[in-house]
There are 2 protein chains.
Amino acid sequence: MDLENAKAQMRKGVLEMCVLAVVAERETYPPEIIERLEGASLPMKEGTLYPLLVRLKSDGLVDYVWREGIKGPPRKYFTITAEGRAFLGELAASWRELVSAVDRTLALPASRQGQPPGEPPPLLHIEPQRPPDDERS
Amino acid sequence: MDLENAKAQMRKGVLEMCVLAVVAERETYPPEIIERLEGASLPMKEGTLYPLLVRLKSDGLVDYVWREGIKGPPRKYFTITAEGRAFLGELAASWRELVSAVDRTLALPASRQGQPPGEPPPLLHIEPQRPPDDERS
DNA sequence: ACAAGTACTTTGTTTTGCAAGGTACTCGTT
DNA sequence: AACGAGTACCTTGCAAAACAAAGTACTTGT
């Protein structure tokens, strides 16, 4: 069963936007970002997040400072830049467009559940699973 | 600017579901599937669709028959199977979950636009862009 | 000292969409 | 008959991205 795989695939495209959104909320460091995304049912792994943050940084969408804590190693605290905030706005708009496009598409079969095709193709029926007379290639 | 890239990334995860939804609506053949998805602002290329249909077929989610037309080469007409319809239902449910998870995440920074962080981290501030005292690795 | 904990980083694998190119069939024209 | 155009299906090689897993480095507690 690869429902899980399909769900993961759907998540992939939105992770960048979601990370940007989490950083936009307030300054954070990577483990906290992961924690918050998991809390929102959007699991993300270290090996995904760190390279993504590098990309966001080099695109000028986020910035960071090193901060030393009471204990443990220093952390990279990320903030969103003005450019990043603008880009997030565009991403969110694209996201909403996608959602409505997909919902429109999903609505189609719902209204036809179990019905015969509305317009049977005006074509001859050949026996299934076999090209008419030749193995193409 | 890679907004287009980001949009493409977001689309990726849902193409499988959308193709399944289009096939679920009624029997079709690949060029028509592409046409309908494009009509729904969900562009998809041949090189993406054909391998995807092979995958769906070998997973038992769709089936096809060869049909010969009045003109042109024969076409593979695809239909959704019972299993495919069930799977589409699960995909759609996962999709809705994802949408609400993402919308929840996007809502966060909206309520804080341009405000200072609500809870300044209780940590010492180090000068930016530099690890405290060592080049790690 | 040494183990454990935390944070950041890197490497290699897998998946997937896509551009580009290829094959095969039909039809209309010459 | 031959040929070019149109249509449909398929394949190959590449690029982007998520992830598993392993690695480095600093701090703290024993």
Side-chain angles (χ1 to χ4, degrees), chain A residues 2 4-19 28-35 37 42-57 59 64-78 121 123-124 126 129-137, chain B residues 2 4-19 28-35 37 42-57 64-78 121 123-124 126 130-137:
Chain A
D2 61 14
E4 277 316 309
N5 181 11
K7 289 171 72 169
Q9 288 304 318
M10 296 195 295
R11 263 193 304 258
K12 280 187 181 182
V14 296
L15 288 183
E16 177 175 347
M17 175 175 63
C18 290
V19 166
T28 13
Y29 66 102
E32 196 182 38
I33 294 174
I34 289 173
E35 206 177 292
L37 287 176
L42 292 166
M44 176 173 224
K45 302 302 165 54
E46 271 194 339
T48 302
L49 181 58
Y50 283 102
L52 173 54
L53 287 171
V54 168
R55 236 182 299 150
L56 294 176
K57 172 71 169 83
D59 286 350
Y64 66 80
V65 285
W66 284 99
R67 288 203 155 106
E68 212 166 60
I70 304 302
K71 52 171 293 188
R75 302 167 173 174
K76 271 183 168 176
Y77 276 87
F78 288 84
L123 298 161
L124 302 171
I126 311 288
Q129 251 58 321
R130 218 66 211 125
D133 54 297
D134 183 23
E135 276 301 345
R136 323 170 122 253
S137 123
Chain B
D2 61 13
E4 278 315 310
N5 181 11
K7 288 169 74 169
Q9 287 303 317
M10 296 195 295
R11 263 194 303 260
K12 279 190 181 181
V14 297
L15 287 183
E16 178 175 345
M17 175 173 64
C18 291
V19 167
T28 14
Y29 67 103
E32 195 183 36
I33 294 173
I34 289 174
E35 207 177 291
L37 287 176
L42 292 167
M44 176 173 223
K45 302 303 165 49
E46 272 193 339
T48 302
L49 181 58
Y50 284 102
L52 174 54
L53 286 171
V54 168
R55 236 181 300 148
L56 293 176
K57 172 72 168 81
Y64 66 80
V65 285
W66 284 98
R67 288 202 154 105
E68 213 167 59
I70 305 301
K71 52 171 294 187
R75 300 168 174 173
K76 270 184 170 177
Y77 275 87
F78 288 84
L123 298 162
L124 301 171
I126 310 289
R130 218 65 212 127
D133 53 298
D134 182 24
E135 275 302 345
R136 325 170 120 254
S137 121

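All chains are named by letter (A, B, ...) in the order of the sequence lines, taking the proteins before the strands, and each is independently numbered beginning at 1.
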Residue B/Lys45, side-chain heavy atoms: nucleotide from D/dT7, D/dT27, C/dA19 that is nearest:
C/dA19

Atom CD1 of A/Ile34 to atom P of C/dT6: distance rounded to whole Å?
13 Å

Rounded distance in Å - CD1 (A/Ile33) to P (C/dA7):
12 Å

Can you confirm if the NZ or CZ of B/Lys76 lies within 45° of the ring axis of B/Tyr64 and under 6.0 Å from the centre of its six-membered ring?
yes

Could you give the NZ-to-C1' distance, from B/Lys7 to D/dA16, as a whole number of Å?
18 Å

Indicate whether OP1 or OP2 belonging to D/dC10 is found under 4.0 Å from a side-chain N or O atom of B/Tyr50.
no

For A/Lys12 and A/Pro30, take the nucleotide of DNA chain C holding the closest heavy atom to each; which residue's nucleotide lies nearer the 5' end?
A/Pro30

Could you give the CD1-to-P distance, from B/Ile70 to C/dG28, as a whole number of Å?
12 Å

Contact class for A/Glu46 vs. all strands (heavy atom < 4.0 Å): base, sugar-phosphate, or nothing?
base

Please report, rounded to the nearest Å, how far the P atom of D/dC19 is from the CG atom of A/Leu53.
14 Å

Establish, with yes or no, whether the OP1 or OP2 oxygen of D/dA17 is under 4.0 angstrom from a side-chain nitrogen or oxygen of B/Asn5.
yes

Would you kindly give the CZ-to-P distance between B/Arg75 and D/dC10, to the nearest whole Å?
14 Å

Do the non-hydrogen side-chain atoms of A/Pro43 and A/Leu37 ever get within less than 4.5 Å of each other?
no

Passes side-chain contact (heavy atoms from CB on, under 4.5 Å), A/Met44 versus A/Leu52? Steps please.
CA-CA 11 Å; A/Met44 176 173 224; A/Leu52 173 54; 3.5 Å; yes

Does B/Arg67 place a side-chain N or O at less than 4.0 Å from the phosphate oxygens OP1/OP2 of D/dC9?
no

For B/Lys71 and for B/Leu15, locate the closest nucleotide of DNA chain C by heavy-atom distance; then report the residue assigned to the nucleotide nearer the 5' terminus.
B/Leu15

Side chains of A/Leu53 and A/Phe78: does their closest heavy-atom pair fall under 4.5 Å?
yes

Protein-nucleotide distance (B/Leu52, atom CG; C/dT16, atom P), rounded to Å:
9 Å

Any non-hydrogen side-chain atom of A/Trp66 less than 4.5 Å from a side-chain atom of A/Arg75?
no

Expressed in angstrom and rounded to an integer, what is the separation of A/Met10 atom CE from C/dT16 atom P?
13 Å

Is B/Arg11 close enough to C/dC18 that one of its side-chain N or O atoms is under 4.0 Å from OP1 or OP2 there?
no

Identify which nucleotide among D/dA18, D/dA16, C/dT15 has an atom closest to any side-chain atom of B/Gln9, counting heavy atoms from C-beta outward.
D/dA16

